[in-house]
Amino acid sequence: MADQASGSSSNPVEERPYGGTPEGPKRVRTRHFQNAKANGIKITGLTSYDMLSARIFDEAGIDFLLVGDSAGNNVFGYDTTLPVTVDDLIPLTRAVAHAVTRAFVVADMPFGSYETDVQDALHTAVRFMKETGAHAVKLEGGRRSAKQIRRIVDAGIPVMAHIGYTPQSEHQLGGHIIQGRGDRGIDDLLADAHAIEEAGAFAVVLEMVPADAAARVTEELTIPTIGVGAGPHVDGQLLVWTDWAGFTTGRVPRFVRQYADLKGVLGEAAQRYKADVEGGEYPGPEHSY
Ligand SMILES: Nc1nc(=O)c2c([nH]1)NC[C@@H]1CN(c3ccc(C(=O)N[C@@H](CCC(=O)O)C(=O)O)cc3)CN21
Ligand SMILES: CC(C)C(=O)C(=O)O
Ligand SMILES: [Mg+2]
């Protein structure tokens, strides 16, 4: 998301140690998502669960950071996102929101915090906005979540929707299964997408859907689509950062391209550290007082 998306091309050029897009908006807002789609500029997103990774991604010019309930898998060590609570995510979201200067921060609403009732959904969204400094909330579901989306948007809180494969419904969907396949699948996906747009969401995540289905949704909607395993014909991409950085120790979905080998780097560092301590090589005189 670069210059044309900002609406203000007069930002002074500043040095960013990780590269990125210094010419883009000073602070990413929902209108920049809309402008990016209108101008054909791709939006980039990563998850983040802590201050250090958030700072690095923000300085690199990643447009938005999602404090995902995938923290269940990647921080808390659960097999699914289902046990994650609002109280689990609030401190992580606060850490990320306080770390960024440019990136748009999205708080993921965990399972059980919005499906029960429209009032519950609003209460959860307000907690995230009031207690963390996030700029928007995200929730799963299309038609089934439209009432919740409308209520939260009416309260002045931007909502990112999420359809296709929705991990909080893993047991109903029967595992990590591609959604939106076949005519019936595409019709369902489109109906969900239109319901989300009508309810007032500013963007929608499409997870694990065929590229042609994602292209149809992207074409038909006026709000930007953010793909996670949805092929190239979408308005932006999002990945779970620990998958993307080669930090995840378990299975990683096929749609991920791994941009680093953190597991290898840290594993090797730990082995060298152990060897140095055991061999009397660390600490050296320069580390001692
Ligand atoms: N975007 C995203 N959604 C998730 O639900 C998710 C992540 N990332 N990353 C962390 C964990 C790991 N998860 C997953 C999800 C799918 C596969 C997987 O291997 N999927 C197959 C297709 C389905 C299958 O055969 O199981 C694939 O080829 O991608 C692995 C781990 C679920 N979690
Ligand atoms: C994978 C994205 C869309 C997500 O919801 C999460 O990280 O929790
Ligand atoms: Mg999530």
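We count ligands from 1, going down the list as the structure has it; atoms in each ligand are counted the same way. On a predicted model such as this, the values are computed, not experimentally measured, just so you know.
- Considering only non-hydrogen protein atoms, atom 28 (O) of ligand 1 sits nearest to R254 CB, 3.4 Å.
- Here the CZ-CD1 distance, from R151 to I157, works out to 9.0 Å after rounding to the nearest 0.5 Å.
- Of all N/O/S atoms in D108, OD2 sits nearest the Mg ion (ligand 3).
- A heavy-atom distance below 4.5 Å is not found between the side chains of Q34 and F202.
- Using a cut-off of 4.0 Å between Lys/Arg side-chain N and Asp/Glu carboxylate O, R216 and D187 are scored as not salt-bridged.
- Residue contact check: G68 has heavy atoms under 4.0 Å from atoms 6 (C), 7 (O), 8 (O) of ligand 2.
- Those atoms of ligand 2 with a heavy atom of T47 less than 4.0 angstrom away are 7 (O).
- Across all their heavy atoms, A230 and L206 have their closest contact at CB-O, 3.5 Å.
- Summary of contacts: the protein heavy atom closest to atom 4 (C) of ligand 2 is L66 CD2, 3.5 Å.
- The shortest non-hydrogen separation linking T47 to L238 is N-CD1, 4.1 Å.
- Near Y165, meaning under 4.0 Å from any of its heavy atoms, are these atoms of ligand 1: 5 (O).
- Of all protein heavy atoms, the one lying nearest to atom 11 (C) of ligand 1 is N73 ND2, 3.9 Å.
- Note that CD of E197 and OG1 of T225 are 11.0 Å apart. Values are rounded to the nearest 0.5 Å.
- Considering all non-hydrogen atoms of both residues, E115 and Q148 come closest at O-NE2, 3.6 Å.
- With ligand atoms numbered from 1 in the order given, ligand 2 contributes 1 (C), 3 (C) to contacts under 4.0 Å with heavy atoms of E207.
- Nearest to atom 18 (C) of ligand 1 by heavy-atom distance, out of G229, S70, G250, P253, is P253.
- Checking atom 32 (C) of ligand 1 against the protein gives a heavy-atom contact under 4.0 Å.
- Atoms of ligand 2 lying under 4.0 Å from any heavy atom of L238, numbered from 1 in the order shown and given with element: 3 (C).
- Between the side chains of S70 and N73, not a single donor N or O lies within less than 3.5 Å of an accepting N or O.
- At the shortest separation from atom 5 (O) of ligand 2 among protein heavy atoms lies K138 NZ, 2.9 Å.
- In terms of N/O distances under 3.5 Å, ligand 2 is approached by S70.
- Residue-level proximity to ligand 2 for H162 is carried by the side chain, the only part with a heavy atom below 4.0 angstrom.
- Taking CG from D117 and OG1 from T124, the interatomic distance works out to 10.0 Å, rounded to the nearest 0.5 Å.
- Note that CG of N35 is 13.0 Å distant from NZ of K37, once rounded to the nearest 0.5 Å.
- Note on D69: its N/O/S atom closest to the Mg ion (ligand 3) is OD1.
- With distances taken over non-hydrogen atoms, the option nearest atom 4 (C) of ligand 1 out of Q168, H176, E207 is E207.
- Checked by distance only, ligand 2 and D69 come closer than 3.5 Å through their nitrogen or oxygen atoms.
- Shortest contact from atom 8 (N) of ligand 1 to any protein heavy atom: V240 CG2, 3.3 Å.
- Side-chain N/O atoms of D235 and T218 include no donor and acceptor closer than 3.5 Å.
- Close contacts of ligand 1 with V228, meaning ligand atoms under 4.0 Å from a residue heavy atom, involve 1 (N).
- Results of the ring-ring contact (aromatic ring centres under 6.0 Å, His included) test with F57 over Y49, W244, F64, F104 single out W244 as the only residue that passes.
- In terms of protein heavy-atom proximity, atom 9 (N) of ligand 1 is closest to D243 OD2, 2.7 Å.
- The protein heavy-atom contact nearest to atom 12 (C) of ligand 1 is R251 O, 4.1 Å.
- Ligand-side atoms of ligand 1 in range of P167: 5 (O), range being under 4.0 angstrom from any heavy atom.
- At distances below 3.5 Å, not a single donor-acceptor pair connects side-chain atoms of D58 with backbone N or O atoms of R55.
- Residue F255 approaches ligand 1 through these ligand atoms, each under 4.0 Å from one of its heavy atoms: 1 (N).
- Salt bridge annotation for D188-R143: present, with a cationic side-chain nitrogen under 4.0 angstrom from a carboxylate oxygen.
- In D108, the part holding a heavy atom less than 4.0 Å from any atom of ligand 2 is the side chain.
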